[in-house]
A.B. asks: 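Take this structure, written in structure tokens, and hold onto it; I'll ask about it next.
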Amino acid sequence: MKKRILVCDDEEPIRLLLNESLQDSYEVVEASNGREALRLATKEQFDLIIMDIKMPDGHGLEAIERIRERNGTVPIIICSAYRAMEDDIVVKTSNVAAFITKPIDIKALKTKIFNLIGA
Amino acid sequence: MRDKLYPRVRFSAIFFCHGLERMKKRTLLLLRFVLILATILVMTYSQRGLNIASPGYVVALLYLLSNMMVYFIPETRLSYLYVTFGIFLIDVVAISLAIYFTQGMQTDFYLIYFLIIFIASVGQDIRGSIPIAIVASVLYGWLLYRANPDTSIMDPAILIRVPFLFIVALISSYWSASMRRELKSKKELEEFAHKLEQEVERITTKETELRRYSETVINSVASGVIAVNGDGTITTINPEAARVLGGKQEDFTDTKIKMIKGLDNLWQKMKEAIESDKPLERLQISITNAHSKTIPIGLSVSPLTSSDTKFTGCVAILRDLSEVKGLEEKLKHAERLSYLGKMASWIAHEIRNPLTVIDGFAQLLTNTKDKDKVSTFNAEIHKGIKRINHIIEDILTFARTKTQVKHDELNLHDLLQQITENINNVKISIKGDENPIINGEEESLKSLFLNIINNSIDAMENDPKLVINIRKTKEWIITDIVDNGKGISKDNLKNLFTPFFTTKSRGTGLGLAIVKKIVDDHNGKLEVESEEGEGTTCRVHLPKKK
């Protein structure tokens with residue numbers, strides 16, 4: 001059975017890109033906003049979550065915190081267009097597994113995921 | 001000056017008639033001493049001569065003693081009429097007794113009576129001299145009678161000498177009275193002059209104090225104060241104003257302001273206030289000071305209002321705005337930087353997302369053979385590129401300075417119809433004037449209204465209805481775009497036209513900033529009215545075709 005990944009990004013083309021990139025090795029579930037991601041993460045079991053943090057004010061961070069409250073162990077990869085936010089977010093958020101910035105190097109992302117959860 | 005006026009009169013007056021109210025004791029003693037001497041002289045040359053232990057000698061001794069008693073009368077008591085009258089009475093009686101006892105009738109003793117009457121008139125005027133004259137004439141008559149009982153009243157000694165006593169009494173009284181009057185009026189005059197002098201001094205001190213006080217007040221004002229008279233001569237200038245003008249107070253006082261280089265603007269406004277007789281408030285002008293530095297100043301000018309036409313001119317209050325202007329510049333700079341920062345992060349996000357898509361799908365394409373997938377990926381890449389282009393368009397439109405393109409003659413009604421034709425998901429009705437002609441740039445105006453309409457459509461959820469209403473006024477074509485959407489909160493209304501401010505998850509934050517810019521470029525006006533939950537009205541004023 002394939003491992004399950006939850007992809008959360010409000011941009012449909014990006015969700016599609018991640019889905020297309022990862023669907024060969026993993027089962028990818030899409031969420032278009034933080035609320036939906038939280039709902040799915042509570043209801044279902046995921047091996048990894050890829051979360052977009054959109055705004056400099058940290059939209060999405062709240063969702064990560066809430067997911068952490070319910071599932072303390074699931075690895076979370078943050079994906080953002082703001083490189084400068086990296087340090088801030090890693091400090092603020094406990095147990096963030098990785099931080100990737102857009103544009104995404106798909107090969108590197110795949111390696112990161114493999115190292116975290118295997119195939 | 002006043003001492004030189006009557007020096008002689010002054011001297012004699014003080015000596016003889018130092019006043020009815022207070023005859024100098026020293027004067028009285030001196031005069032009586034003269035009297036006593038005269039009496040003793042008369043007694044010495046009288047028929048019996050002055051023998052020790054004779055009654056005449058006793059009288060002379062008592063008389064001398066009385067003068068010593070006068071010495072012990074308090075000076076204030078001498079002002080009482082009865083006291084001095086008593087003294088003169090003693091004199092007359094004493095002399096008469098001395099004559100009587102020494103049988104000195106053959107001597108010219110009666111002259112001593114004249115002396116007493118004279119002294120009495122000096123001391124007490126007519127009130128003293130006449131009674132003494134009466135007493136003296138009675139005693140003289142009595143003495144004559146005692147010396148020669150046959151003496152008739154028609155005796156020349158009586159007939160001539162007695163009236164003389166009265167004449168002397170009257171004349172000397174008159175003389176002393178007029179002397180006293182003169183002295184009194186002179187004294188009053190002196191007092192008056194003295195008072196006047198004191199008053200002048202008091203007023204001068206007061207005036208100096210007042211002037212110094214008002215100067216202190218004006219000098220303490222933190223703003224600059226300059227007062228000029230009708231022809232522009234500076235009458236007052238405080239240190240702050242002098243500092244702003246680049247000099248010292250004394251450099252400017254009594255100088256014509258229009259003659260000072262660089263202050264033309266200031267004098268212009270002052271003249272305006274004087275001529276219109278109305279204050280000018282909160283003006284901003286710039287002047288060039290003495291160091292050739294241009295200084296922005298805040299200015300209020302008030303014409304001098306006084307019932308006295310002597311004071312014309314105006315007073316100007318000025319504030320050096322250099323610092324304020326500097327701060328404003330800094331703030332603007334900071335705002336620009338903040339815009340720049342916002343813009344940078346906005347570009348990072350807005351462009352990186354489509355870049356991610358383009359880059360990602362390009363990476364996938366290399367390993368994809370499925371034709372359907374290839375075309376999907378290609379389409380996504382194409383959409384991403386289009387989006388980046390759209391963003392660049394927005395930035396360019398926003399960053400462009402005032403539109404330099406030609407202004408065509410346009411029918412706004414037709415233009416709006418054209419824009420709304422392709423919108424199908426919302427019912428849009430265009431009402432009002434069908435022939436609103438304006439001068440404008442077609443593409444910009446399309447972008448303007450499309451932005452507003454798209455915003456309205458985004459805001460509407462249930463039963464969307466959009467009404468566009470066009471009307472004309474004398475100068476404007478006014479277009480109302482009314483939606484029944486969720487409205488805009490008061491906080492967001494403030495930031496409506498701020499670039500990069502957006503409440504939409506996919507918004508660029510440039511839409512309404514661009515709208516505002518296009519309206520400004522067309523010399524129009526833009527108003528937004530909104531009620532949360534009720535809807536929003538966007539009102540665009542564009543100038544009518546000329």
Side-chain angles (χ1 to χ4, degrees), chain A residues 7-26 28 30-37 50-60 62-63 77-89 99-113, chain B residues 338-391 458 491-492 495 498-509:
Chain A
V7 171
C8 177
D9 197 306
D10 63 342
E11 301 236 359
E12 198 264 327
I14 300 216
R15 291 199 303 270
L16 180 67
L17 172 70
L18 289 172
N19 202 338
E20 290 287 346
S21 311
L22 304 171
Q23 65 185 199
D24 291 346
S25 323
Y26 306 97
V28 179
E30 292 177 22
S32 63
N33 56 53
R35 216 177 326 136
E36 204 186 331
I50 300 174
M51 178 75 80
D52 169 59
I53 294 178
K54 184 167 164 51
M55 303 297 287
D57 61 7
H59 262 293
E62 202 192 326
I77 294 176
I78 287 174
C79 172
S80 174
Y82 301 101
R83 197 185 297 274
M85 285 173 69
E86 190 170 342
D87 292 342
D88 275 6
I89 288 165
F99 193 102
I100 56 168
T101 48
K102 293 173 180 174
I104 303 163
D105 181 341
I106 290 170
K107 223 172 170 180
L109 176 66
K110 278 183 171 172
T111 315
K112 241 173 212 168
I113 294 172
Chain B
S338 138
Y339 275 154
L340 209 65
K342 274 186 193 159
M343 191 162 141
S345 81
W346 174 80
I347 289 172
H349 189 264
E350 288 305 308
I351 295 190
R352 269 187 189 148
N353 267 331
L355 265 186
T356 306
V357 174
I358 295 163
D359 182 48
F361 283 112
Q363 289 175 55
L364 289 185
L365 269 178
T366 51
N367 298 323
T368 308
K369 284 167 186 113
D370 183 337
K371 269 191 178 176
D372 285 351
K373 280 204 170 173
V374 168
S375 68
T376 310
F377 294 173
N378 269 329
E380 288 298 332
I381 289 171
H382 189 62
K383 271 198 277 182
I385 289 168
K386 261 179 84 176
R387 198 168 144 210
I388 290 177
N389 197 42
H390 175 70
I391 292 162
D458 287 349
D491 278 347
N492 290 340
N495 289 315
T498 310
F500 312 114
F501 176 85
T502 183
T503 58
K504 297 183 200 168
S505 57
R506 297 284 302 272
T508 63

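All values below were derived from every heavy atom in this structure, side-chain atoms included, with hydrogens, water molecules and symmetry-related copies excluded. Quick note on labels: first sequence line is chain A, next is B, and so on, each numbered from 1. A quick note: this is a predicted structure, and the numbers were derived from the prediction, not measured.
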A.B. asks: Side chain of B:T366, backbone of B:Q363: donor and acceptor closer than 3.5 Å?
C.D. replies: yes
A.B. asks: Any idea which heavy atoms bring B:V357 and A:P13 closest together, and the distance?
C.D. replies: CG2-CB, 3.6 Å
A.B. asks: So what's closer than 4.5 Å to chain B heavy atoms on A:L16: side chain, backbone, both or neither?
C.D. replies: both
A.B. asks: Could you check which of B:T356, B:N367, B:L364 has the highest count of heavy-atom pairs closer than 4.5 Å to chain A?
C.D. replies: B:T356
A.B. asks: Could you tell me if the side chain of A:E30 sits less than 4.5 Å from the side chain of A:E12, heavy atoms only?
C.D. replies: no
A.B. asks: Identify which part of A:D105 has an atom lying under 4.5 Å from any heavy atom of chain B, answering side chain, backbone, both or neither.
C.D. replies: both
A.B. asks: Please collect all ring-ring contact (aromatic ring centres under 6.0 Å, His included) contacts where either partner lies in residues 351-373 of chain B, sequence neighbours excluded, each pair once.
C.D. replies: B:F361-B:F377
A.B. asks: With a 4.5 Å cut-off on heavy-atom pairs, point out which of B:D359, B:T376, B:I358, B:I351 contacts chain A the most.
C.D. replies: B:D359
